[in-house]
Amino acid sequence: MRAAVRVKRPPPRPPPAVLQPVAKAKSEMMHPTLAPLLKTLKVRLAIGPPLAPTAKAFKSYAETCASLLRLCRAAVIGTASPASTSSFSTNLPLALSLHAHAVRSGVAADRSVASHLLTTYAAFARSAERDRAFLDCVAANAASSFTYDFMVSEHVKAGDIPAARKLFDGMPERSVVSYTTMVDALMKRGCVADAVELYQQCPLGSVAFFTAMISGFARNELHRSALGVFHDMLGSGVRPNDITFVCVIKACAGAGDFSAAMSIVGLAIKSNFFDKNIEVQNYLITLYRRMGDTAAAFKVFDEMEVKDVVSWTALLDVYADAGDLDGARRVLHAMPERNEVSWATLIARCEQKGDAAEAVSLYSEMLADGCRTNISCFSSVLSASASLQDLRGGARIHARTLKMGCSTNVFVSSSLIDMYCKSNKCRDAQIVFDTIPQKNIVCWNSLISGYSYNGKMVEAEDLFNKMPARNSASWNTIISGYVQNRQFVDALKSFNAMLASGQIPGKITFSSVLLACANLCSVEMGKMVHAKTIKLGIEDSVFVGTALSDMYAKSGDLESSKKVFNQMPERNDVTWTAMIQGLAENGFAEESILLFEDMMATEIPPNEHTFLAVLFACSHGGLVEQAIHYFETMQAWGLSPKAKHYTCMVDVLARAGQLTEAEDLLMKTPSRSEANSWAALLSACSTFRNEEIGERAAKKLRELEKDNTAGYVLLSNMYASCGRWKDAAEMRLLMKGITLKKEGGCSWVQLASLAWSLAVSQYMQVHICETGAQKAFDGPCWDCSNVASIDCQCEAKG
DNA sequence: ATAGGGTTAG
């Protein structure tokens, strides 16, 4: 494990400002430090307010009053231990009496006293008294810029943006603090246009103000605008600080400009902006992790003087994100202190990396550890249950969310909907959906996706039409739903509707749409879609390029397919696999194998689907030796052949007449329940008239799948080919007896090739779609404020 | 005394 460290414990939480009705004598429960001051006050009160006060005497009296109020407040929001909460909360009556004295003596009209009354009531969570104090303050002409700033911030904290805005607009003069508060509140609610208006209108500037704008733009995915504000800020001579740098780095990273992000990190570190700032260093660990620079992330962690739970959790995630789930688990157990986020992080990563079983088991471990659950933890473990189709476990978690009162949280309920749909329980998903009081778009999208997963496109379509608002994910969901359910024409229709609605299609949209074109063998449509990707400037994306090349190959236009492939600036394993598969499917076995060899010369490692594609090429070319060679090479790449690879090998061997070898290999198959392989063998037995192996294969096939029609058909064919007409007829009769029907004229070879291309294209679809969440770039244009796109081509941009 | 940031997440 890593070097021992000191652990910074978080400061104890301030006690909640619980207010109880006051019955007992005030002095009894008074905070000790208040007692002498109260005495002073009492003396003063006994003397009474100056009758003909000199300015000096009045000010002094007001100051006493103000400092007492400050003490009341400090006792509430200060670092008191929870045990003494009740005695502190009794400072409210003192504050009330101070207020009374202030009014009677006239010092309430003092600006300082008036402000302290406001902040004191706010600290005691007495909004009615606070509001009255504010009105009195305004009436007594004692309101300062601070008074207004404070009230604006109070309304924002309460979530009442309209009230904040009304007050802000009515202020005698707006300070930069109020501007900052308003702009930040608007940005956090996505009202970018309003925030921009205030930004342009604000004559002043401060670090916090500019930083709020930068972070606001970054939050709304308008990264270039964020950088524009940074530029303005430097131009106006305001010096950035550590917070500004964090926001700017976020904007660069969000815009995908990692080299800019890194140079700013370097600059900030060199200028000592990030020194000893534990939170910023924690963020740096995360940033390096996201960039895949594991070594740099470890370096930051190792060099930190003080580490807290967040640092350790960030370290855990460096391991987990890099795929080292074991390492991450070790960190989890070795860290000096862990919280629910630490557990949730590891659970989420296990789920993402495909180890759903581990996610579920960590969840139980977490409960056993007495750790409280978390909304994000619920959604991860529910996703894990969904992929395991663990309805029982999922329902148990559902019960727990009900108990904890968070079952209708949009995050939790979206995951519940997904879990029920993946377990084929659409009705339960619908019930969960119906009970969400405030559904957001994701809830709708989840249910639509769930219905299409279950092949219920009518319901999916109905929901899609009914939903109050759609985002790009909604369109992607319905389009890919149609594609998955092989309603390719509907997919293209939806794509047109999407364009007509003004929603800009993204990379995910194109991967589905191109798959639809490929399946319709509609090169014309595919070319139009291709043109659209060029117009949108996303044809260079690996995912779009792969889908394009795949579409052309599937449509039989290999020239275009190769052209796209060759022009791609970046290729990944999916890209190569698609091209290898495309060549093989179109009968260019040798070329396909040559391309596979080209791929071996690159840095990109092949995956199991790549091997499936090249084995398919061998099988088409009848290249038994080559197939055996590649099959054996798989292990060297750390890939263990799956049932599909065995099926393919059995097919290669069987079709070359090597029936004994094929049977031997089949017996070695790890998952022997692979009916398809036996069917392939049986099919070859009929071609080569080998009754002995054929009957064994048929027996196996019948054991594995009693209802497998193909088995009976193939066996009957085999008997027929050997001249055993009686047996053949018997088979047909047997089939009729158990009311099986021969599936329409589709030979095994056709079936096999269909199965392979389906497997590969499903794999590619998943991988093309897993580009990560496609972020909406829509929003008001930074330069002209009106146009709804960051890439607005307005003249202002020049 | 009031303003801006930083670990997980559909």
Side-chain angles (χ1 to χ4, degrees), chain A residues 66-67 69-70 73-74 77 111-112 115-120 122-123 144-154 156-157 175-185 187-188 206-216 218-219 240-250 274 277-287 289-290 308-318 320-321 338-349 351-352 374-383 386 409-419 440-446 449 473 773:
Chain A
S67 43
L69 282 167
R70 196 187 307 128
R73 206 171 52 237
I77 54 180
R111 290 191 165 212
S112 169
S115 304
H116 279 289
L117 279 168
L118 263 190
T119 51
T120 308
S144 64
S145 171
F146 167 78
T147 324
Y148 284 97
D149 290 347
F150 184 80
M151 284 306 291
V152 169
S153 142
E154 283 289 299
V156 166
K157 273 183 210 150
S175 76
V176 70
V177 174
S178 284
Y179 269 108
T180 309
T181 313
M182 276 318 303
V183 145
D184 185 55
M187 282 293 204
K188 278 179 180 152
S206 73
V207 207
F209 179 59
F210 284 115
T211 307
M213 284 303 292
I214 295 170
S215 106
R219 191 191 305 277
N241 62 15
D242 54 343
I243 304 176
T244 320
F245 277 115
V246 168
C247 298
V248 170
I249 291 162
K250 277 193 99 174
F274 289 169
N277 188 333
I278 183 167
E279 287 88 356
V280 170
Q281 285 165 333
N282 290 342
Y283 172 64
L284 286 182
I285 298 177
T286 304
L287 185 68
R289 169 181 63 73
R290 284 187 191 141
D308 64 2
V309 207
V310 178
S311 326
W312 283 95
T313 306
L315 178 73
L316 176 159
D317 204 14
V318 174
D321 198 11
R338 54 193 151 270
N339 63 16
E340 73 277 9
V341 179
S342 324
W343 286 99
T345 304
L346 186 52
I347 292 173
R349 287 289 175 217
E351 192 272 316
Q352 283 164 18
N374 186 325
I375 283 178
S376 95
C377 178
F378 275 135
S379 42
S380 308
V381 74
L382 281 168
S383 303
N409 168 285
V410 286
F411 280 69
V412 173
S413 42
S414 300
S415 310
L416 281 170
I417 291 170
D418 186 48
M419 185 273 294
N440 68 8
I441 294 189
V442 182
C443 303
W444 287 87
N445 290 350
S446 299
S449 152

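Every chain is numbered from 1 and lettered A, B, ... according to where its sequence line falls, protein lines coming before strand lines.
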Trainee: Are A:Q281 and B:dT7 close enough that a side-chain N or O sits under 4.0 Å from OP1 or OP2?
Mentor: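 For A:Q281, the contact criterion (side-chain N or O under 4.0 Å from OP1 or OP2 of B:dT7) is not met.
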
Trainee: Looking at every strand, decide which applies to A:T181 at a 4.0 Å heavy-atom threshold: base, sugar-phosphate, or nothing.
Mentor: sugar-phosphate

Trainee: The side chain of A:V341 lies closest to which of these nucleotides: B:dG5, B:dT2, B:dT7?
Mentor: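 So the nucleotide nearest the side chain must be B:dT7.
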
Trainee: Describe the nucleic acid contact of A:A344 in one word from base, sugar-phosphate, nothing, applying a heavy-atom distance below 4.0 Å.
Mentor: base

Trainee: Check every strand shown and say whether A:N282 touches a base, only sugar-phosphate, or nothing at a heavy-atom separation below 4.0 Å.
Mentor: nothing

Trainee: So what does A:Q352 hit on the nucleic acid, given a heavy-atom distance under 4.0 Å: a base, only sugar-phosphate, or nothing?
Mentor: sugar-phosphate

Trainee: Has A:K250 got a side-chain N or O lying under 4.0 Å from the OP1 or OP2 atom of B:dG6?
Mentor: yes

Trainee: Does A:S380 put a side-chain nitrogen or oxygen below 4.0 Å from OP1 or OP2 of B:dA9?
Mentor: no

Trainee: Starting from C1' on B:dG5, measure out to OH on A:Y283 and report it in whole angstrom.
Mentor: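 After rounding, the reported distance stands at 10 Å.
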
Trainee: With the side chain of A:S379 defined as its heavy atoms from C-beta on, choose the nearest nucleotide among B:dG10, B:dG5, B:dT2.
Mentor: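 The closest nucleotide is B:dG10.
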
Trainee: With hydrogens left out and only the distance checked, is there a donor-acceptor pair under 3.5 Å joining A:S376's side chain and the base of B:dT8?
Mentor: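 Yes, a donor-acceptor pair under 3.5 Å.
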
Trainee: Would you kindly say whether A:T244 and A:N241 are connected by a side-chain donor-acceptor distance under 3.5 Å?
Mentor: yes

Trainee: Ignoring hydrogens and angles, does a donor from either the side chain of A:T211 or the base of B:dA3 sit under 3.5 Å from an acceptor on the other?
Mentor: no

Trainee: Please classify the nucleic acid contact of A:V412 as base, sugar-phosphate, or nothing, using heavy-atom distances under 4.0 Å.
Mentor: nothing

Trainee: Check every strand shown and say whether A:R111 touches a base, only sugar-phosphate, or nothing at a heavy-atom separation below 4.0 Å.
Mentor: nothing

Trainee: Indicate, with a heavy-atom threshold strictly under 4.0 Å, whether A:V410 touches base, sugar-phosphate, or nothing.
Mentor: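 Touches a base.
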
Trainee: Quick one: does A:S414's side chain get under 4.5 Å of A:I417's, heavy atoms only?
Mentor: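 SC-SC contact between A:S414 and A:I417 ruled out.
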
Trainee: Picking from B:dT8, B:dT2, B:dA9, which would you name as closest to the side chain of A:S153?
Mentor: B:dT2

Trainee: Once you apply a heavy-atom cut-off of 4.0 Å, does A:T313 come out as touching a base, just sugar-phosphate, or nothing?
Mentor: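 Counting heavy atoms under 4.0 Å across all strands, the contact made by A:T313 includes a base.
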
Trainee: The side chain of A:C247 is closest to which nucleotide in this list: B:dT2, B:dA3, B:dG5?
Mentor: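 Taking heavy atoms from C-beta onward, the closest nucleotide is B:dG5.
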
Trainee: Using whole Å, what does the distance between atom P of nucleotide B:dG5 and atom CD1 of A:I285 come to?
Mentor: 21 Å

Trainee: How long is the line joining CD1 of A:I375 and P of B:dT8, in whole Å?
Mentor: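 In whole Å, B:dT8 P and A:I375 CD1 are 16 Å from each other.
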
Trainee: What is the distance, to the nearest angstrom, from the CG atom on A:N445 to the C1' atom on B:dG10?
Mentor: 10 Å

Trainee: Name the closest nucleotide to the A:K188 side chain, picking from B:dT2, B:dG5, B:dT8.
Mentor: B:dG5

Trainee: Please name the pair of heavy atoms, one in A:T180 and one in A:A208, separated by the smallest distance, quoted to 0.1 Å.
Mentor: CG2-O, 3.7 Å

Trainee: From B:dG10, B:dA1, B:dA3, pick the nucleotide closest to the side chain of A:T180?
Mentor: B:dA3

Trainee: What nucleic acid atoms does A:T345 come within less than 4.0 Å of, heavy atoms only: base, sugar-phosphate, or nothing?
Mentor: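 Contact class for A:T345: sugar-phosphate only.
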
Trainee: Using modelled atom types only, decide if a donor and an acceptor are shared between the side chain of A:S178 and the backbone of A:S175 within a distance under 3.5 Å.
Mentor: no

Trainee: May I ask you to evaluate whether A:R290 reaches the phosphate of B:dT8, defined as a side-chain N or O under 4.0 Å from OP1 or OP2?
Mentor: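 Indeed, a polar side-chain atom of A:R290 lies that close.
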
Trainee: Can you find a pair of side-chain heavy atoms, one from A:V381 and one from A:W343, that are under 4.5 Å apart?
Mentor: no

Trainee: Any side-chain heavy-atom pair from A:P240 and A:F245 closer than 4.5 angstrom?
Mentor: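 With C-beta onward as the side chain, the pair touches.
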
Trainee: Which nucleotide in the set B:dT7, B:dA3, B:dG10 lies at the smallest distance from any side-chain heavy atom of A:S206?
Mentor: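 Minimum distance to the A:S206 side chain belongs to B:dA3.
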
Trainee: Among the candidates B:dG4, B:dA1, B:dG6, find the nucleotide nearest to the side-chain atoms of A:F146.
Mentor: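 Between B:dG4, B:dA1, B:dG6, the one nearest the side chain of A:F146 would be B:dA1.
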
Trainee: If you look at every strand shown and take non-hydrogen atoms under 4.0 Å, does A:S311 touch a base, only sugar-phosphate, or nothing?
Mentor: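 Nothing, no nucleic acid heavy atom in range.
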
Trainee: Expressed as a whole number of angstroms, how long is the span from A:L382:CG to B:dT8:C1'?
Mentor: 15 Å

Trainee: Using whole Å, what does the distance between atom P of nucleotide B:dG5 and atom CG of A:N277 come to?
Mentor: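 Atom CG in A:N277 sits about 14 Å away from atom P in B:dG5.
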
Trainee: NA contact type, A:D242, heavy-atom cut-off 4.0 Å: base, sugar-phosphate, or nothing?
Mentor: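 A:D242: base contact, heavy atoms under 4.0 Å.
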
Trainee: Nearest to the A:V442 side chain among B:dG10, B:dG4, B:dT7, which nucleotide is it?
Mentor: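 Nearest to the side chain of A:V442 among the choices is B:dG10.
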
Trainee: Any donor-acceptor pair under 3.5 Å linking the side chain of A:D149 with the backbone of A:V152?
Mentor: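 Not a single qualifying donor-acceptor pair exists.
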
Trainee: May I have the distance from A:M187 (atom CE) to B:dG4 (atom P), rounded to whole angstrom?
Mentor: 14 Å

Trainee: Looking at A:R289, I'd like to know whether one of its side-chain N or O atoms comes within less than 4.0 Å of OP1 or OP2 on B:dT7.
Mentor: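 For B:dT7, neither OP1 nor OP2 has a side-chain N or O of A:R289 closer than 4.0 Å.
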
Trainee: Categorize A:N241 for me: base, sugar-phosphate, or nothing, with a 4.0 angstrom heavy-atom threshold over every strand shown.
Mentor: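 Here A:N241 touches the bases of the nucleic acid.
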
Trainee: If you measure only the distance, is there a donor-acceptor pair under 3.5 Å linking the side chains of A:S383 and A:S380?
Mentor: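 No donor-acceptor contact under 3.5 Å links the two side chains.
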
Trainee: Taking atom P of B:dA3 as reference, at what distance in whole Å does atom CG of A:D184 sit?
Mentor: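 It is 10 Å, rounded to the nearest whole Å.
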
